[in-house]
Protein chains: 4
Amino acid sequence: VSGIWGRNIKYSIFGESHGKGIGIVIDGFPAGMKLDLEEIQFEMSRRAPGKSELTTSRKEADKVEILSGYFNGATTGTPLCAVIYNTNTISKDYDVIKNIIRPGHADYTGKARYDGFNDFRGSGHFSGRITASLVFAGAIAKQLLEREGIFIGSHIYSIYNIYDTPFDMNNVSLESLSELKQMDFPLFDKTVSSDMKNCILKAKEEEDSVGGIIEAAVINLPVGMGDPFFDSLESTLAHLLFSIPAVKGVEFGAGFKIAGMKGSDANDEFYIENNKIKTHSNNNGGLLGGITNGMPLIFRCAIKPPASIGKLQRTVDLSTGENTELSIQGRHDPSIVLRAVPVVEAAAAMAIADYIFQKGR
Amino acid sequence: VSGIWGRNIKYSIFGESHGKGIGIVIDGFPAGMKLDLEEIQFEMSRRAPGKSELTTSRKEADKVEILSGYFNGATTGTPLCAVIYNTNTISKDYDVIKNIIRPGHADYTGKARYDGFNDFRGSGHFSGRITASLVFAGAIAKQLLEREGIFIGSHIYSIYNIYDTPFDMNNVSLESLSELKQMDFPLFDKTVSSDMKNCILKAKEEEDSVGGIIEAAVINLPVGMGDPFFDSLESTLAHLLFSIPAVKGVEFGAGFKIAGMKGSDANDEFYIENNKIKTHSNNNGGLLGGITNGMPLIFRCAIKPPASIGKLQRTVDLSTGENTELSIQGRHDPSIVLRAVPVVEAAAAMAIADYIFQKGR
Amino acid sequence: VSGIWGRNIKYSIFGESHGKGIGIVIDGFPAGMKLDLEEIQFEMSRRAPGKSELTTSRKEADKVEILSGYFNGATTGTPLCAVIYNTNTISKDYDVIKNIIRPGHADYTGKARYDGFNDFRGSGHFSGRITASLVFAGAIAKQLLEREGIFIGSHIYSIYNIYDTPFDMNNVSLESLSELKQMDFPLFDKTVSSDMKNCILKAKEEEDSVGGIIEAAVINLPVGMGDPFFDSLESTLAHLLFSIPAVKGVEFGAGFKIAGMKGSDANDEFYIENNKIKTHSNNNGGLLGGITNGMPLIFRCAIKPPASIGKLQRTVDLSTGENTELSIQGRHDPSIVLRAVPVVEAAAAMAIADYIFQKGR
Amino acid sequence: VSGIWGRNIKYSIFGESHGKGIGIVIDGFPAGMKLDLEEIQFEMSRRAPGKSELTTSRKEADKVEILSGYFNGATTGTPLCAVIYNTNTISKDYDVIKNIIRPGHADYTGKARYDGFNDFRGSGHFSGRITASLVFAGAIAKQLLEREGIFIGSHIYSIYNIYDTPFDMNNVSLESLSELKQMDFPLFDKTVSSDMKNCILKAKEEEDSVGGIIEAAVINLPVGMGDPFFDSLESTLAHLLFSIPAVKGVEFGAGFKIAGMKGSDANDEFYIENNKIKTHSNNNGGLLGGITNGMPLIFRCAIKPPASIGKLQRTVDLSTGENTELSIQGRHDPSIVLRAVPVVEAAAAMAIADYIFQKGR
């Protein structure tokens, strides 16, 4: 039972990369929320493959069909089911992997988990494609948050060894977030753009791939959103972020750097200005005790390089039980960081939306 | 609703630092499990304060009383409730903070979350003391795991800017884990021990504090434990680890370093040896697609420096709405890393135990 | 959040009577279960409308399309999504009720619950049509139970004031259950069949409707299935049974009659025969302390008469705030008891399947 | 995992009849709710044993100790744990039943469920004593409901074959509910009081026991409280009511009688009066589509006669595997109906309180 998540708003995800379709059921959204369908499709297109040479050439329109829970332009309050039918599937590409387990992929572990009955085509339920449903759900969650004035944005903090300027954790403006959202390759420091792109293209050329870091910010969160212990906002965010295939690390505020600090440096001292309490620094990333303090919520995710590479790799053939080698052909992403940007934002939106009505209880 | 966690085994935590007691209800443990009470108390003592000059001088025996679910030396299968009564509480120490919010603490956010009704004494429900209940639950979860041959161990990977040798992620032996467990200050490289301790004592002397990193390993996990998506083992582990106050970052395997790698380096190539499938490297930390691959599960947590420091800090007095300064007196830990070691292990044990019977469904 | 249910197997239901489709996501089914699709469609047809003059003339093939979680003829273990697209919808029939609330229906309460944004066409998400998804899920759950030798069957215990012979609660054979399943109008006492049918047809002629009682039995349950307290098997069964629109009462074993008994009559005395423990009577309906005792599990559901009747009724027009009268035209069931039989069985199958792997934990 | 229940407010129950204590953790209550401790203790005393010759002579003060979540006279919003320590336990009474399973009790099923490791003394976790914790939780839930103007009351509708006057389902006044609450033996028709009491005393004299029915009403519920499908208010109420040991039937409004009605009789026709929508009848017991319609919510529970009787009964000795006979000595209730009244009300209060903040989401 791992396809259902949520406390107040529950999401039920389903689908496989090469099956009939993928989708998500959303339960618990308030009734009467007008949906901006164009905006939703824009978010879908941010993640969609096949748009440039930086991504896989598999083309999927990722057109969402809403089957229920939406009536006369607004949510009904009852479960909303959205389906994205698969169209461009080339299953023969994947026959080879039925027994030759791909390094870095879930072929081996998925087979063990499901006794060999899982749909292995194109990674099946383990495919990054499944995150299209997250983007859909996140797009709706974002609209719910925006109604409360809360905005989420993110940028590519690094590709391989090339870094963008980080967020100024004390000052994140709505303007900067909006600007990032409109960028094809969201960066603060545009001068590193071509280096990053070249790095990705070079990896592609070498039949290799590269990882990177996404840094995100959430602004205008009310003070007091979150919970102690098991539902700390960090817990909830990390839970969803680590659901995204390829995420191997999550940190908040100063993150791992805080481990190398003294309390006198790490503590974010308070001050009051125009009746608003702020902190001089933001090493805690807007969260104290699992609860928002009104400062920008900042987090970072480490995204591993795509596991599918053309380079020859050592592996095992399960049908023979012998060591072998493998060069993965087909259509792959040399880096998934760019396409993961809207997914990370979606996961954050879903996580935070779950707390929107917490004061109700 | 943030004090209850779990899918198959559920934990319900309660208590405040200066109330009558703290505790936990554990529901879903199999019936008939003999409990090694001495071992449980040993784990409690690893976290207990007041044992050396490296920790706070508040002395708490942290003696656990089991109220239910335990009969004739074994679990009954019905809810097990354990209580740790508070004994050594000096509430007057904390009167000052009622309105003067401590930087880095949850005073401000907790007040906002609970409209000022939360028990603020000694951080109340936000106190690190609450983790004693986690250690209890984790001690039981460990015994369940050990019955399956699974072991957890960890070491202090860093204090401030001083680092221990990391785990050899490809080879973690039961012997090394057992050895770490018996150490008062668990390290691989004993030569850094005095440096780390001195660093902590110096921070104490300076009325300051220091952070650090804990690195943990779980061995002998069966292949195929975990789930895709919302209940990936990374998600579950991170969820619980971020529940621990002071954790600001969690990473698996190579963690954030994987973002700077190429796929050809990051991918853990498979090989078969004596009918057992292994990987040449372990950058994924034993997890692929959220599911164990049989290699050691490795993760790291960033622990922030304790927020309570004697050094003068700028803050706000909520009763006057004015800026002020604060020097926190009382009994505090100059570093919480050492005492967090069993807590981190406990959280990991609880997270993993939840998957023990997954094949049942 | 009311469309998701389950502990070990979770179901996420969606859809409206006159929307694009209805369906269900099933998460937590074991991998590798072969599905008998013909049997599933047979169960669907038991509930489907339009088969005889006893039911509504709305014809729906109720053909299920499985979108995910099913591969090479077996469950994958990942979420299984099934959709039933709506085909025969005549929405104009329902325009009248937008403001004139139908007595006995959820028009008024649904509007209040969802601030008027719910899809009101054909009762929308409150429609009995939604139970088609339950029947699908129940058909799969039945196949899981049958693998363990557990069988569910039921009969029409009463229509209006006409009664069938009840189950012999101490002896329920697989043969009798199989026979009931194959009957178009499942009864023990075939002599009451025409009376019951005539009663329904007379109600239809009078533009009225009639209620009835369904009695069900589950056999070959292992001893010890269930839980004390919040997840007693009675609690779980009743929870799901009361989810079925029109159910207004649920009782187990002797049910309400047990309230008029003495302990010496009500207690089911034990005896042992051929190493098997049985009870002389079965007033507890196979359940003691919320847990199966190996005797047939027996329960009854009261089904109210369909609320949609042609007879003139007093009601209120919400658009004017005035009293008015209403005669509901369109295609309606004069009794829903017959079509509810497979729904009741499905709910029971889902409830019981949730405990199948309980010993795993 | 059956000791935890709730969606928005979660309850975690624990304890055994003859262990150290029983209790409950309540998570999700709003912060800042003043608790009327005297009122809570009054509710406890309504259920407490040993007050008259109508109940068991086991005397338990049932004094509740709150360990957490309560500070300065109000709830903190964090988990509230309450413990009732067991004091008057005579365990030797129960030694006999270790192997000789008592008819009507959970001895046999509990043993099977927990592989013989459950605490069998005094029925252990299956004891009616555990419901004391429900009464505590219900007392708090009632206070939350009363803040919203919602009141719950109930009466003994029948003892064996003696009936009280039922609720007038269309008109239930706060006065009548308050009056019932103050009565030692809550009835509308005081003339049946002595008959009922004599019936109980006669059963006691005969070393037998009697069952009965409790009828309850909830008034001033807002229109639109509840949910379709899996969390219909009927589902939630029935779930909790069937958690109470001894409940074998639950019905709403006309209940099982509605199965014998025509739609034209069963439908509750609407009318508007002083801008308030009401129904002429209340056969649906205040619930349509699982959601309140503003009319009194009415339900009934069948309570079976206590299983512990002195009369000789046939049973099985599990240690020998042979048939035997048993006369249960010790302190028992000849009827549990009277003491179950506050338990039923508590379960209803807990169920309904869970919906209080539903519009928040």
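Only a predicted model underlies this, so the values are computations on that prediction, with no experimental measurement involved.
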So which of [options] has the biggest tally of heavy-atom pairs under 4.5 Å with chain B?
{"options": "A:A112, A:S243, A:A238", "result": "A:S243"}
{"options": "A:G289, A:A259, A:P305", "result": "A:A259"}
{"options": "A:G290, A:A106, A:A302, A:A266", "result": "A:A302"}
{"options": "A:K304, A:E273, A:K262", "result": "A:K262"}
{"options": "A:L312, A:N283, A:I291, A:V223", "result": "A:I291"}
{"options": "A:V247, A:D208, A:I213", "result": "A:D208"}

For chain A, the option from [options] that forms the most heavy-atom pairs under 4.5 Å:
{"options": "B:D265, B:N293, B:D227", "result": "B:D227"}
{"options": "B:E206, B:K248, B:E251, B:E207", "result": "B:K248"}
{"options": "B:I309, B:V250, B:D115, B:T315", "result": "B:V250"}
{"options": "B:A254, B:G321, B:S209", "result": "B:S209"}

Mutual orientation of the aromatic rings belonging to B:W5 and A:F230 [parallel < 30°, tilted 30-60°, perpendicular > 60°]: tilted
Aromatic ring pairing B:F299/B:F252, orientation class (parallel under 30°, perpendicular over 60°, tilted between):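 Answer is tilted, since the angle falls between 30° and 60°.
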Between B:S17 and B:S123, a side-chain donor and acceptor under 3.5 Å: no
Test item: side-chain donor near acceptor, A:Y355 and A:T236, under 3.5 Å: yes
What part of [X] is in contact with chain B, defined as an atom under 4.5 angstrom from a non-hydrogen atom: side chain, backbone, both or neither?
{"X": "A:S264", "answer": "both"}
{"X": "A:E322", "answer": "backbone"}
{"X": "A:I272", "answer": "both"}
{"X": "A:H105", "answer": "backbone"}
{"X": "A:T109", "answer": "both"}
{"X": "A:K311", "answer": "side chain"}
{"X": "A:A307", "answer": "both"}
{"X": "A:P228", "answer": "both"}
{"X": "A:L287", "answer": "both"}
{"X": "A:I130", "answer": "both"}
{"X": "A:Y160", "answer": "both"}

Side-chain heavy-atom pair A:R113, A:N118 within 4.5 angstrom cut-off: no
Nearest-0.5 Å distance, CG of residue A:L288 to CZ of residue A:F270: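 Answer rounded to 0.5 Å: 5.5 Å.
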Segment of B:S232 engaging chain A (4.5 angstrom heavy-atom cut-off): side chain
Atom group of B:F126 that falls short of 4.5 Å from chain A, counting heavy atoms: side chain
Side-chain donor/acceptor of B:K276 to backbone N/O of B:G294, under 3.5 Å: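 Here the side-chain-to-backbone pair does not exist.
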Give me the atom names and distance for the closest heavy-atom approach of [X] to [Y].
{"X": "A:H239", "Y": "B:S235", "value": "O-OG, 2.6 Å"}
{"X": "B:K111", "Y": "B:L318", "value": "CD-CD1, 3.5 Å"}
{"X": "A:P334", "Y": "A:H332", "value": "CD-O, 3.6 Å"}
{"X": "B:F14", "Y": "B:I24", "value": "CE2-N, 3.5 Å"}

Lys/Arg N to Asp/Glu carboxylate O, B:E215 vs B:R300, below 4.0 Å: yes
Validation row, ring centre A:F229 to ring centre B:H125 under 6.0 Å: yes
Residue among A:N267, A:D268, A:T279 satisfying side-chain hydrogen bond (donor to acceptor under 3.5 Å, both in side chains) with A:N284: A:D268
